[in-house]
Structure formats: C-alpha cells, structure tokens
Amino acid sequence: MTTVNKKISDSTELLEFEHNTIIDCKVKLQNIFTKELPESQMGVYGDYDILIFYRHDSRRKSNYQVKTIRKTFNEILSLADGLEDYSVLHGERGKIEEVSFEPTCDFKLKNKHHNDVSYEIQVLGDIKITYYSKNHEKQDEKQDEKQDEKQDEKQDEKHKAPHKNKNMI
C-alpha cells in the first residue's frame, strides 16, 4: 500500500460582520469522493461546512449564534509523486483503499474601523489517499505463501519429534 498526501489551504473573508465577535470556528466535512484521471492522477472532490460561533456585541447579554458557510474543493493529486512503484507509474491500475481529509480552521481579525469589521477564516488540511496497486497485491500474495509455508514446516517438526512413552520400562 502507498499513501499520497496533499496539503490544502483555503481562506474566506467575512465582510460586514460588524457588532459581532467570533468565539470559535470548526470545519465539518460533508462529502468527499474521488475520480481516477489519466496519467496516474486522482481528482478529489467534495464540500465542507465552516461553522462560525459568534455573539452579537451589545450592552445586554446575548446568546451565541452559529453562521454556516458551505465551501467546495477540487484537488488533483499525482499518484506518481514520491512513488517508486513501477505498476502505478506505468499505468497498471490498482484500487483506492482509503481517502481521508480532516480539515481544521482558524480565524483572525483582519480589519476594524469604526463599525466596519472583517475576519479572515483559514481552512487547513491534509488529503491522504491510500492506494493499493496490483503490484502490491502480488507481493502480499507471495508473503502470505511464505508465511503459510513456515507454519506448515513448524507443524511438520512437531509431528516428527520423538514421543516419549511413559509406559515403557
């Protein structure tokens, strides 16, 4: 198995967020899917929600509120990046075992003039694709055969060992 990684970063600017203070933000992945492309490339597509927890600045007590922003992403990964696997580099297709993306977010106050306030929300993450090529499948089969042979040899040794008979005098 081979893992291919790609770091991604996306910034979103919140304008006209006056009289509000951001308390926290989280990212929730909604969908992720892949598409095999020519020349050992893989397209990773999906969308995520940015959940912004904020409160309205006022003299009276206010409750927290949540604003949701839906974002889409489209990344192209080269399966040949950093691989020495001949089968992947030369067009033999394998299969994708796992695709993961665990984004995080951070925010910062970008601009504050009188009543004009803007924030920058940055989403960071690492897309990981675990790829299982046909070449790996053949190697795994050979390793399984070797392990089976070793177990058979151990069983044979147990049966060939001389048995002591306690009834013999």
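Keep in mind that this is a model prediction, so the values were computed, not measured.
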- prompt: Which heavy-atom pair separates T12 from D10 by the least distance, and what is that distance?
  reply: OG1-OD2, 4.0 Å
message: Evaluate K71 against D47 for salt bridge (charged side-chain N to carboxylate O under 4.0 Å, His left out), listing each step before the verdict.
response: CA-CA 6 Å; K71 300 286 281 189; D47 54 3; over 6 Å; no
query: Do Q122 and S9 have side-chain N/O donor and acceptor atoms under 3.5 Å apart?
result: yes
D24 and K26: CA distance, side-chain angles, deciding distance, salt bridge (charged side-chain N to carboxylate O under 4.0 Å, His left out) verdict: CA-CA 7 Å; D24 197 10; K26 300 287 181 195; 3.6 Å; yes
message: Could you report the tightest heavy-atom contact between F101 and I32, atom names first, then the distance?
response: CB-CD1, 3.7 Å
task: Could you give me the CA-CA distance, side-chain angles and deciding distance for K28 and D49, then say whether salt bridge (charged side-chain N to carboxylate O under 4.0 Å, His left out) is met?
output: CA-CA 5 Å; K28 182 178 179 183; D49 287 340; over 6 Å; no
field: Closest non-hydrogen atom pair, F107 against I121
entry: CB-CD1, 3.6 Å
statement: In terms of heavy-atom contacts, Y45 and K35 come closest through CE1-CB, 3.7 Å
query: Hey, does the side chain of K6 reach the backbone of I76 with a donor-acceptor pair shorter than 3.5 angstrom?
result: yes
- request: Return yes when atom CD of E120 has more than 12 non-hydrogen atoms of other residues, nucleotides or ligands closer than 6.0 Å, and no otherwise.
  value: yes
message: If I compare all heavy atoms of I22 with all of Y119, which pair ends up nearest, and what's the gap?
response: CD1-CG, 3.4 Å
task: Taking all heavy atoms of C105 and all of V123, pick out the closest pair and write down the distance.
output: CB-CG2, 4.2 Å
field: CA sep, side-chain torsions, deciding dist, call: Q30, Y48, side chain to side chain donor-acceptor pair (under 3.5 Å)
entry: CA-CA 5 Å; Q30 295 298 321; Y48 56 86; over 6 Å; no
